[in-house]
A.B. asks: 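Shown below is the structure under consideration.
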Amino acid sequence: MRLSVIGTGYVGLVTAACFADLGHAVIAVDQDTGRVRSLADGQVPFYEPGLEDLLRRVEKSGRLRFTTDTPDAVRDSEVIFITVGTPARGGGDADLTAVAAVAEAIALALTEYRLIVEKSTVPVRTGERIRDQIHLLTRGAVPFDVACNPEFLREGSAIRDFLHPDRIVLGVDSERSERLLREVYKPFECPVLVTDLSTAELIKHASNAFLAMKISYINAVANICERVGADVRQVADGMGYDHRIGRAFLDAGVGYGGSCFPKDVAAFISIAREAGYEFRLLEEVARVNEAQRDILLRHLREALWVLANRTVAVLGLAFKANTDDIRGAPAVPIIEALHREGAVVRVYDPVAEPSARELLPEVSYCPDAYEAARGSDALIVLTDWEEFRHLDLPRLKTLMRRPVLIDGRNVLDPSAARALGFHYAGMGR
Ligand code: NAD
């Protein structure tokens, strides 16, 4: 099939590359000329495991091309996926400027039937708005459908998640759109849930908010564990064996971040409010999440007494392992708080340094964990990178000024650290 994908960020680029790999002819569009130029040269603008190889493979097949020209993409494809960003605005509701701009560009280029699919995470009823605006701009003269096909991939395992989803949700309001989307997803073997547009839009927000709630739940439990001397990891294991609960998203720590959970929780609260429902449960989810950073800083202050002029080594900037994405990462406000208190910050992240440099110009970037630890008064872990689980603790101890470990992701072994003479504080352990 001939498809286009508008927006070549984490979701759009993976979508375009995977569809092309599955045999579709795909046009990937972005308004960012620099990005399109480097993609055409084979450069991936962000870190995502396996994406560079996949792009190289599909490039050879000739089934994927990049352009800034939306009208050209609209002319040449039967199905158009919108994958632009939907960031949070000040009040928490989603900023739909980019989605609206794409809808308008599509409308102005429509000359014959097209299926327009929102894959970006959008508030319920956005599909209706897209449909109304395109109808107004085309004066009802061109047939088209709008569908919602939310994306559930995770950065860091995006390709695998895209190709092997737990389910595919198709929010449609015509047989034709369902038929076209089923054709697009023909090679997939997972359950396909067909709903109306609003239901599909809600499924995405309800899912992300639920996962965020699991994280805040276990963080709240971690706070009780700290008070009574229990170990939250074992509590989570014990809960997780229950198949009604599941172990995923029950890792206590400094809280969720990224470009999705914080904004999607805020957007869902705002959507609910607009619909006349105060979603207090989710307000508390967001509050618990933000409080986790203060808990980590409290552990640090307890160990160091004052933070002014102390050198703190921060391991991990990305909001989670296997990505360079620092949007909404807890590391950013934590580092800013350390600076406000007069601490000197040395950081190491395996891949996120280039994304962080502009936002955090005042920290010293180090080539590895041990260099970051050199001369430091404390080391705090903020991302669950695999390599941090295997740190050489005796070596760290010889490099550090004070042997203090604050484990914001519970990746280290508390008894091993304590046996070596470290002051160790995890989250809920
Ligand atoms: P992103 O910020 O990485 O990429 C968005 C891209 O859209 C950018 O390259 C930007 O230049 C481009 N763009 C913006 N306006 C445009 C326009 N008018 N025309 C053409 N291109 C335009 O965003 P992302 O992380 O890929 O997220 C996209 C959407 O998918 C969001 O709604 C997000 O909530 C949702 N989502 C994200 C993830 C994730 O893990 N990142 C997972 C599932 C769903």
Side-chain angles (χ1 to χ4, degrees), residues 87-88 92 154-156 205 207-227 231-233 235-236 239-240 247-269 279-302 312 314-338 340 345 347 349 352 355-356 359-360 378-385 388-389 405-412 425-429:
R154 295 161 297 175
E155 289 171 25
H205 268 120
S207 303
N208 268 14
F210 188 84
L211 294 174
M213 183 179 74
K214 276 188 94 175
I215 296 174
S216 280
Y217 183 83
I218 201 67
N219 279 333
V221 172
N223 295 329
I224 301 168
C225 287
E226 283 186 11
R227 285 164 175 78
D231 184 339
V232 73
R233 284 195 28 149
V235 174
M239 291 168 64
R247 180 65 176 79
F249 289 80
L250 287 183
D251 289 312
V254 277
Y256 58 77
S259 68
C260 291
F261 283 7
K263 84 157 166 69
D264 290 349
V265 167
F268 205 22
I269 292 169
F279 211 149
R280 298 222 169 80
L281 179 62
L282 278 191
E283 288 169 15
E284 193 57 18
V285 165
R287 202 196 58 72
V288 167
N289 193 58
E290 288 191 14
Q292 289 305 103
R293 303 163 192 169
D294 296 329
I295 290 166
L296 177 123
L297 288 167
R298 200 183 65 217
H299 286 324
L300 186 64
R301 279 188 214 102
E302 264 162 28
V312 178
V314 171
L315 298 193
L317 293 166
F319 81 92
K320 65 169 181 178
N322 297 322
T323 181
D324 62 350
D325 200 346
I326 58 157
R327 293 179 289 180
V332 177
I334 288 172
I335 290 171
E336 286 167 350
L338 291 174
R340 276 197 302 278
V345 182
V347 306
D349 186 287
S355 336
L359 196 62
L360 298 167
L379 183 144
I380 62 181
V381 181
L382 297 182
T383 310
D384 55 339
W385 282 102
F388 300 157
R389 296 180 195 276
L405 293 178
I406 311 293
D407 188 358
R409 293 293 179 190
N410 288 348
V411 294
L412 299 168
M427 304 297 280
R429 306 178 84 183

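Just the heavy atoms: all of them, side chains too, but no hydrogens, waters or symmetry mates, feed the values below. Heads up: numbering here begins at 1 and tracks the sequence.
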A.B. asks: Which value, rounded to the nearest 0.5 Å, describes the distance between Glu155 atom CD and Asp325 atom CG?
C.D. replies: 4.0 Å

A.B. asks: Please name the pair of heavy atoms, one in Gln292 and one in Gly255, separated by the smallest distance, quoted to 0.1 Å.
C.D. replies: CB-N, 4.2 Å

A.B. asks: Check the pair Ile334, Ile380 against side chain to side chain contact (heavy atoms under 4.5 Å, CB included), reporting the backbone distance first and the verdict last.
C.D. replies: CA-CA 10 Å; Ile334 288 172; Ile380 62 181; 4.1 Å; yes

A.B. asks: Using atom types as modelled and distance alone, determine if a side-chain donor or acceptor of Ser355 lies under 3.5 Å from a backbone N or O of Asp324.
C.D. replies: yes

A.B. asks: Using a 4.5 Å cut-off on heavy atoms from C-beta on, say whether the side chain of Glu336 contacts that of Val332.
C.D. replies: yes

A.B. asks: Can you tell me how far OG1 of Thr383 sits from NZ of Lys320, rounded to the nearest 0.5 angstrom?
C.D. replies: 11.5 Å

A.B. asks: For Ala331 and Gly316, which heavy atoms make the closest approach, and how far apart are they?
C.D. replies: CB-O, 3.7 Å

A.B. asks: Provide the closest heavy-atom pair for Ala286 versus Tyr256 in the form atom of the first, atom of the second, distance.
C.D. replies: CA-OH, 3.6 Å

A.B. asks: Using a 4.5 Å cut-off on heavy atoms from C-beta on, say whether the side chain of Val232 contacts that of Met427.
C.D. replies: no

A.B. asks: Kindly compute the distance separating CZ (Phe210) from CD1 (Ile215), expressed to the nearest 0.5 Å.
C.D. replies: 11.5 Å

A.B. asks: Rounded at 0.5 Å granularity, tell me how far CD1 in Ile406 sits from CZ in Arg301.
C.D. replies: 11.5 Å

A.B. asks: Table please: side-chain donor-acceptor pairs of residues 260-267 below 3.5 Å, with sequence neighbours left out.
C.D. replies:
{"unit_1": "Lys263", "atom_1": "NZ", "unit_2": "Thr86", "atom_2": "OG1", "d": "3.3"}
{"unit_1": "Asp264", "atom_1": "OD2", "unit_2": "Asn208", "atom_2": "ND2", "d": "2.7"}

A.B. asks: Keeping the roles fixed (side chain from Asn219, backbone from Gly253), state whether a donor-acceptor pair exists under 3.5 Å.
C.D. replies: yes

A.B. asks: I need the minimum non-hydrogen distance between Leu317 and Ala356, along with the two atoms involved.
C.D. replies: CD1-CB, 3.7 Å

A.B. asks: Give a yes or no on whether the backbone of Leu250 and the side-chain of Arg247 come within a donor-acceptor separation of less than 3.5 Å.
C.D. replies: yes

A.B. asks: Are the side chains of Leu360 and Val345 in touch, meaning some heavy atoms are under 4.5 Å apart?
C.D. replies: no

A.B. asks: Side chain of Asn289, backbone of Ser216: donor and acceptor closer than 3.5 Å?
C.D. replies: no

A.B. asks: Apply the test side chain to side chain contact (heavy atoms under 4.5 Å, CB included) to residues Ile295 and Arg298: give CA-CA distance (whole Å), side-chain angles for both, the deciding distance (0.1 Å), then the verdict.
C.D. replies: CA-CA 5 Å; Ile295 290 166; Arg298 200 183 65 217; 4.1 Å; yes

A.B. asks: Might you point out which heavy atoms bring Phe249 and Ile218 nearest each other, and give the distance in Å?
C.D. replies: O-CG2, 4.5 Å

A.B. asks: Can you check whether Ile326 reaches Leu359 side chain to side chain, under 4.5 Å on heavy atoms?
C.D. replies: yes

A.B. asks: For Lys214 and Ala248, indicate whether the former's side chain and the latter's backbone hold a donor-acceptor pair under 3.5 Å.
C.D. replies: yes

A.B. asks: Do Asp349 and Val314 touch side chain to side chain, with heavy atoms closer than 4.5 Å?
C.D. replies: no

A.B. asks: Once rounded to the nearest 0.5 Å, what's the spacing between atom CD1 of Ile269 and atom NE2 of His205?
C.D. replies: 10.5 Å

A.B. asks: Find out whether Leu296 and Leu382 are in side-chain contact, i.e. whether some heavy atom of one side chain is under 4.5 Å from a heavy atom of the other.
C.D. replies: yes

A.B. asks: State whether Arg233 and Asp231 are salt-bridged, where the test is any N-O pair (Lys NZ or Arg NE/NH1/NH2 against Asp/Glu carboxylate O) under 4.0 Å.
C.D. replies: no

A.B. asks: With no hydrogens and no angle check, is any side-chain donor or acceptor of Asn410 less than 3.5 Å from a backbone partner on Gly426?
C.D. replies: no

A.B. asks: I'd like to check the salt bridge (charged side-chain N to carboxylate O under 4.0 Å, His left out) partners of Arg287; sequence neighbours left out, ordered by chain and number.
C.D. replies: Glu284

A.B. asks: Tell me the closest heavy-atom pair linking Phe268 and Ala209, and the distance in Å.
C.D. replies: CD2-CB, 3.7 Å

A.B. asks: Just how far is it from atom CG of Asn322 to atom CG of Asp384, taken to the nearest 0.5 Å?
C.D. replies: 8.0 Å

A.B. asks: Can you confirm whether Tyr217 is buried at OH, in the sense that more than 12 heavy atoms of other residues, nucleotides or ligands lie under 6.0 Å from that atom?
C.D. replies: no

